[in-house]
Each structure stands twice: as C-alpha cells, then as structure tokens.
Amino acid sequence: MSPAINFELRRRTFIAGTAVAAVTVGMSRKAAAQTAAPVGAESTTVFLTVNGEGRELTVDNRTTLLDALREHLQLTGTKKGCDHGQCGACTCTVNGTRVNSCLSLAVMHDGDEVETIEGIGAPDAMDPMQTAFVENDGFQCGYCTPGQIQSARAVLDEIRAGIPSHVTDDLTAEITITDAEIRERMSGNICRCGAYANILAAITQVAEDQA
Amino acid sequence: MQFNEPAGETLFDNAKIVGKAHTRIDGPLKVTGQAPYAYERYDVVEGQLYGYPLGATISHGTVTAMDTAAALAAPGVRTIVTTLDVEPLALGMLNVARLFGGADVMHYHQAIAVVIAETFEQARAAASLIEVSYEQGDPADYDLDAAFERLQGSGEPDTLYGDVDAAFRDAAAVTDQMYHTPGESHQMMEPFASIVDWSDGGQLTGWISNQMINWTRGSLATTLGIDKERIRIESPYVGGGFGGKLWLRADTVLAALGSRAVGAPVKVALPRPMMMNNTTHRSATVQRIRLAANADGTLKGIWHENVSYGLPGGRGENATAQTPYFYASETMRVKNHMAEMPLPETADMRAPGEAAGLMALEIAMDEMAEALEMDPVRFRIVNDSQVNPSNPDQPYSDRNFVQCLERGAEAFGWDASRPAPGSRRDGDWLIGQGVAGAFRGALVQPSGARAAIENGKLVIETDMTDIGTGSYTILAQTAAETMGLGMEDVDVRLGNSAYPVSSGSGGQFGAVSSTSGVYAACMALRERIASDLGLDAPAFARGRILAGDVDRPLLDMTVEAVESIEWGDFMKQYQKATFGAHFVEVGVNAYTGETRVRRMLACCDAGRILNPVTARSQVIGGMVMGVGAALSEEMALDTGRGMFVNHDLAGYEVAVHADIPEQEVIFLDTLDPIASPLKAKGVGELGLCGVAAAIANAMYNATGIRLRSYPLTLDKMLDQLSDV
C-alpha cells in the first residue's frame, strides 16, 4: 500500500505552518485588531422572515443574503453560480420582488420577508410553475432551475403589474405576455444546458392556465 | 454480458416504456431545490470548515516565496496549506498540468494555496492577505497563426490516400480558405465543488461534482499517493459538466489536503472567476481546408490541416476528428498539429474535435456548393458515404445522413433554389438560411450495475452520473422495461464509488453504455430469479413472474445480481457514428450588423431514442451552445500575461433566453443493432455539431459576407455591410 499523504508533505514547513495556526487561533482577534481594526462590530444580528418563518441570525457583515440562506439556514435550494450577479442562479424573492441574493448583504435585510424555492413547493406538493417545469422538461442539470422558477413567477407578475421591458413597444398599452417579453425578462437567468425553449413553454403554460 | 453480435429481436422492439416520453424522475427534487449538489451536503458529515483557494497570477514560472503570516493571523483561520508545503503531487489520469504541490507554475490561476477557516468570509478575506513572490518564466509565444505557418505541411499525415496533388490540379472547382475558432470555456452553472473528509488520514470520503466517478477516484489515489480502496466518492447530482468535470480538479485536491491538515471535513468551491484559467477549456484552432470537386459535385479531394495549443504532453483540439469519416472523397490528406503554449490546460469540451472541426468544415462545404452553383443540401447528399471513406472495407453500422438532410429540408421549408445573398429583406433585417451537416462518433465503454429486488422495489445501483443528461430516467425506463415493472417500482441510485463501475458521462457514450449495463444487470437478475425458483425462462410482466402454473409477484422477493456490459471485437468491423442536419434562419441588421437567429431545426440520426423528452433536451441544449459558439463565445487571451481575461459570466458571453428562437428537433428514430443491445446511440454531443456553421452559412446567405473567424461578431463585417 502506498504511504499516506502526510509522508509526502515537506514536513518542516508544514508542521511549522500548522503549529503557527494552532497558536493563532487563540490570538486571532488581537492580531486582527492590530493589523486592520474594523470600525464597528464585525457581525450583526438580523431578523428575517424566510418562507413565512421568523429567523434570527447573527452573521458576519460580509455575508451575502445568498450565503445566509445557504450556509446559515441550510436552505441550499437557492444556488451559487457566479456570486457576482451575472448568472441569476441565486434569484429569490425579497418583499415580493426578485433579487440576485448574491449581490445583497444579509445585514441589509433586517425585517424583510424572503421567499426561497423551498417556500414555493415541495416534491409532493409542487407549485404550478414547478409542475410546468417538470412537464415541459424546463431544465437538465437542475442547478439554475430554482432561480429560473423564481424569475419565471416574478416575470408574469411584473408583466401583469404593467412594468415595461426593453422589448415593450407601447408603454401606454396593457402589456401582453408574448414570447419576446418572456425571453427578454428571463435573460438574467443563464441556463448553460440550454433549456430555454422548454422554460419558455413552461412559463407560457402557467400564464395560459392563469389567464 | 458480452455484446458479441448484432442485436436481434429484443424486448425493446416491443417496448412499453423505453423509447416513450417520460418526464425526469429526478425532476420534482430539482425544481423544488431538494436535489443536493456537492457543496450542499450538510447531511453527510458534521463540522465542515471552509476552504478558499488562491490561484497563481503568473502564466508560468516559479513561486519563490509565500508569506502567510498575516493570513494565518486573520480571524477564524485554522490553517493554510501552500503549494510550497507539499511535494509536487503526481498527475492523475489525463491531467497535464499539476494540480498542486511544488514551486512550479504551469498556468495562470493554478492553485497555490488553500485557506481553511471557520466561515467562508473569513477564508476568502485571509486568502487575499497571502503575499506571493514569483519568478516569471521567459516570455512565451502565443501566436497560433504563426504556429500554423510554422507547422503547415510538417509531419506524416494522419490520413492520406490517393493522389491529392493531382486531384486538386484536375478538379472542376477548388476552394482553399483559413478558418479560426476561439478558445471556449465549459462554464457549467454549478462551479467545481467538493467536500472532503480526510480528517484522520485514513479513509477519504469526497462529495464532489464530477462526471466520471471511477476515473476520478483513481486519479485522486494517484495524486495523493494512497490506495484507491481508501477512497469513496459520491456525486449524485452534477450541475453541468460538458467535459469540464471529467477529471479530478483542484477543488477536490485542496479540500483533501485541507481536511488532512486541519483534521476536519473541508469544503471548497472554485470561485467563478477562477474557473476559466484554473480548469480546462477547448483550445482555439487555426484550420486550412482545401476542397476539390468534380463538375457533378462529387468531391475529388479533401485536404484539412489544423493546429491548436496545449501544454507539453497535452492534446489540444483535434478539429480534423470528423474529416476522414464524414464525406466521400476520391483523395484525402488530413493532419492535426499541436503547438505548445504555457496556457491553462486544454482538454475535452462537448464534442471535442468535431465541434470545432465542423465549425470550419461545414463552412467550407457551403463555399464549395456555391462554387459549383449547387444547393448545399444536394451537395452534401451527393457526397454521402455508407463506408468509412478512409477505409472503404469498413461499412457504417447504420448511417442515415441523407434522410437527415432530406427530412430536415422538407420540415424547415428549405428553398433549394437559393435566393442570391442579400436579396431577402424584412424591414431593416437581411434574411438568410443556412444548412450544415452534423457528425459525431458513437463510442461505448464497459458499464456495470447492480440490480436488486429489495423492500418491494427494484433497486438499480451504478456509479453512472446524471449531469443533466437524463441518466436517472432512462436507466429507470430500461430497468422497468426489462423486469416488467412500472417506473414507480424502480429506485435508481447513481454517482457513488461504492456501486459497480459504469461508463460515466462523457464522449456521448454515457446513455448507450449505461443503459446496456443496466440491461445486463437486469437480465442477470432474471436468470438468478429463474434459477432460485427452478423455472425455465419465466416471463416478467405486469410486476409478476409467469411460467406455466407459476404466477407470483416479483417485488415480494429479495434477490440481487451484479453484471456489466462488455463490448465485443465484432464492432470494430464497423464505423459507428451519429448524424444530423442543422437548418437555421437568421436576420442580420443591415445597418448595425447585429445577427439574430430566427429559427432552428435539427434532424438527428442516433439509433433508438431512449426517451424523446430527455433526448430532445440534449439536442436543443447543444443548439443553444452552438448559437453561443457562433455569435458570442470567445476566451480573450492576454498575450502579455498569458491568461484569459474574460474569466467570468459577464465577460464570457454564453447564449441567454433572448438569443434563442423557436427550435425544432426531428429524430429519425432509427435502429442500429450493431451499436448496443438497445440499438441506441448517444445524442448528447450531436446537437452541438455543425450548428455554428449553419449560422455562419445563413449569415452569408443573408449578407453575401463570408466570415470564417468565430465568433461572428458585427465588427468583422460592419465595413462590408455598407455595400449591401
């Protein structure tokens, strides 16, 4: 049997490194205070209503809403695709509006109502949009899917609320739910598997059922 | 089970479940956010710490020093493992660049440290405090055009038959052009991510995002220098791969080393901006394609030469992959070159070889059709071959390329009279139509599975992965069909190295190989049941075992079988591939040069279609990737720093909803008895092959401007548009 990795590590530097680490754990606060003292508290307690349930959370001020959901509340249905607001996988709803939760710090949401994919439906009790995605095969790998579904639901609401988009021709008329409107408004949610045509079919099915 | 002769009449020829539309059985978990991906496994081990990677900021050279004092003193940091702490780790299967260890840097963003901290924010902040000193290597030459000029004509041709020079001298028409395809990045939506528990240095367990469980388990053993039996890997849900997750990558290695160093499980995800340069990509290519044709349209000569780049010992992108096999030609000369460059590793991306090769070859075919004043659909039909053109003694197992072209043309409403370029207009938009052929080999791999009746369910276990391809669903269909059960009776468990080794997901071989493996396991289970019950060839139908007077429920039993499919040598007598024809209509704005794809149609020949729902999704997904490849995707190389600068999803532009029009897919649903017991072939890569060229040809038809350098952006034609 081949030797374990610790025999291949450059022992002197490695052991020295871990020894330092062991010591610094205890004094890390002090060390940090000496090098880069934060202006205020490093963490904040916020109160969120997540999927209808009140949650008090103490988070590092740098924690995004996305990581608060995924890493603190273990609600991993909301996905981290890029962490830079470029892909839409982290889309969830805050106070009824869709947001890229990776571009928003958790501390900014004290008192807010957050809805994630877990709050929309469960495998044995799916929301109509979730059912439509399954029926129309509106996904493949499934990683962008919760964000697509969150955006899809919001897009229909936004059109009905009369919020115009880049492809809305007449800003004074009632906006109709067209393929072009849906495609334009869904374009912040990337699907690298390329399920766009099926996602459009799913959204159209829900729109027609609700009409 | 040995597959030693063409499949005869099988139970799949009268199938009730296989070949029928069925929605994904993993669908409800995915649409509700309940399917657990690699970074999300709170259910498997307590006390996970966060690892954050640091990438090198030189293209090549050495790390001379790393000062980790400030980082180690930062809040929450538990330890740091730097590349200088670790001997150079051995290379895993088909890894060319070292993933970690030692001072040498082979490419930009090569992993050089991992910070382990209590929270993600602490690890990320501390990583930015590490001071690294480098010695940059000598300036490198990144000029692929110059490399082509240097290498052109050198070396023994990979394929050479007939008198090519004479063919080109005596031809009625000759075309000779240069084509460029850019570097392309997989950019699957789920980043590379791993949780590894190697706390005590004994057993190592990894929850990772990977296409090939057994390859990666072996590579991890090699890389860490430990016995493979000490490693267990799980990858039940994979958020896309496209070839990028075929291999062991740095996230898994860093999580393992971090876990070993800190004595706790560690999770590491590659930040999106690190993915492009840290992991693999499809190399750019420079291709010269010369075609010679007779007046009747038959090809007299094909001369294809390609160069791509790679690290020493790497593979680059063989854009000539399809050329010896696709079209009949009296003579042929094909040569693939690779130029060594200190760039991030080049390896397989969806349809490696064919994807980039057909982007060029299928424009060349369009150009020759035009030179001959022939309909490009007709021109391709004339040059169909039912045998391997470069080895005529080898017939195709089943090839229906002509039907793809004919049925596709009819369904699309193809105008064979070919209106002159620039002659059709819709307001400000110039309208054009284009066609391209699609070709992708039909590979198979050995594949095993365990089939068992347990607790009232048929349980299927295999280390096969579902990367969005539909494996869960088609394996359940195969098992249900073979055992005479319903879909609801089957429990499919995938992506675990504790299960029998499968083909894994890659090379378009996953569906055909793994369904054959599950079929083999189920047939072994049927034999086992017959033997246990002392029955002679019982029937399995409607959930019951039937033989003479015997009529008993199948799911009451407790019985198992493990079996795999092994592929016989007889298959080598045949050339096996999948075929397709892509038809595209575009609009090009006459004033701005903006190109919009208006509609797309693919007609595919890939044997039995196991599930038309998931197969169609594979094809439309390939077509979407083809739109990106045609119009926007390009890895932008900084030739001064030797790195790709647009390394995120804002800079690397993949197709989005607004880019994708109506898509239609037609499956010929042929049967290929030489391909597999199910008479099926893969289809996951075929959908991408040729799409970009069909768009390029449609743009030419719209404008009369021939672009040969992808992506086909407006800046490349704006100066010529004013004449249109």
Side-chain angles (χ1 to χ4, degrees), chain A residues 1-6 8-10 13-14 17-18 20-21 24-25 28-29 31-32 35 60 62-63 67 71 74 76-78 81-84 86-87 89 117-118 121-123 126 130 133-135 137 139-146 149 183-184 186-187 190 192-198, chain B residues 23-24 27-37 40 42 70 72-80 84-87 119-121 187-190 201 224-227 237-240 257 260-261 271-272 467-468 613-614 617 620-625 648-650 654 656-658 660 663:
Chain A
M1 185 184 287
S2 47
I5 189 70
N6 53 332
E8 297 200 356
L9 293 173
R10 291 175 176 172
T13 51
F14 185 70
T18 49
V20 171
T24 51
V25 168
S28 59
R29 292 283 167 188
T35 51
D60 189 311
R62 298 166 294 191
T63 303
D67 281 331
E71 308 302 328
Q74 300 189 3
T76 54
T78 309
C82 70
D83 217 13
H84 288 69
Q86 301 165 347
C87 77
I117 193 74
E118 292 92 345
M126 292 191 286
Q130 292 170 322
F133 266 64
V134 173
E135 288 177 356
D137 211 38
F139 57 93
Q140 293 186 44
C141 80
Y143 199 76
C144 74
T145 311
I149 290 171
R183 286 181 179 130
E184 170 64 22
M186 290 297 296
S187 285
I190 294 174
R192 186 59 161 159
C193 296
Y196 297 129
N198 292 352
Chain B
T23 58
R24 286 169 205 263
L29 285 178
K30 285 180 172 174
V31 300
T32 56
Q34 302 296 324
Y37 296 82
E40 304 168 353
Y42 294 107
L72 278 167
V77 173
R78 296 282 288 271
T79 196
I80 296 171
L84 301 180
D85 294 332
V86 180
E87 296 289 345
T119 71
F120 172 73
E121 294 77 17
Q187 297 297 331
M188 69 296 283
M189 297 313 296
E190 183 203 15
L224 298 179
I226 65 173
D227 196 280
Y237 295 96
V238 181
L257 295 179
R260 180 72 195 93
R272 177 67 58 174
I467 62 174
V613 172
T614 53
S617 287
I620 66 168
M623 292 157 78
V624 168
M625 197 172 270
D648 61 24
L649 287 167
V654 303
V656 300
H657 278 275
I660 301 306
Q663 295 177 316

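Quick caveat, the model's predicted, so the values are computed rather than measured. All chains are named by letter (A, B, ...) in the order of the sequence lines, taking the proteins before the strands, and each is independently numbered beginning at 1.
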Need one label for [X]: side chain, backbone, both or neither, based on atoms under 4.5 Å from any heavy atom in chain A.
X      : result
B/V238 : backbone
B/A35  : backbone
B/M188 : backbone
B/Q663 : side chain
B/E40  : both
B/V31  : both
B/I660 : both

Chain B contacts, top residue of [options] (heavy-atom pairs, under 4.5 Å):
options                : result
A/E184, A/Q74, A/E135  : A/Q74
A/I117, A/V134, A/D137 : A/D137
A/C141, A/G194, A/G77  : A/C141
A/C193, A/C87, A/A195  : A/C193

[X] side-chain N/O to [Y] backbone N/O, donor-acceptor pair under 3.5 Å:
X      : Y      : result
B/Q187 : B/L649 : no
A/S187 : B/A658 : yes
B/R272 : A/D83  : no

Could you tell me which portion of [X] (side chain, backbone, both or neither) has an atom closer than 4.5 angstrom to a non-hydrogen atom of chain B?
X      : answer
A/M126 : side chain
A/T63  : both
A/I149 : side chain

Which one wins on heavy-atom pair count under 4.5 Å against chain A: B/P271, B/G33, B/G27, B/G468? B/G468
Only pairs of heavy atoms separated by less than 4.5 Å count here; which of B/I467, B/L29, B/D648 has the most with chain A? B/D648
Taking all non-hydrogen atoms of both residues, which atom of A/G81 and which atom of A/A89 are closest, and how far apart? N-CB, 4.0 Å
For a quick test of reading the model, state the closest non-hydrogen atom pair linking B/R24 to B/S617 and the distance between them. NH2-CB, 3.8 Å
Under 4.5 Å between any side-chain heavy atoms of [X] and [Y], yes or no?
X      : Y      : result
A/Y196 : A/R183 : no
B/L224 : B/L257 : yes
A/C144 : A/R192 : no

Judged by modelled atom types alone, do A/D60 and B/T119 share a side-chain donor-acceptor pair under 3.5 Å? no
Could you tell me how the ring of A/Y143 sits relative to the ring of B/Y37: parallel (under 30°), tilted (30 to 60°) or perpendicular (over 60°)? perpendicular
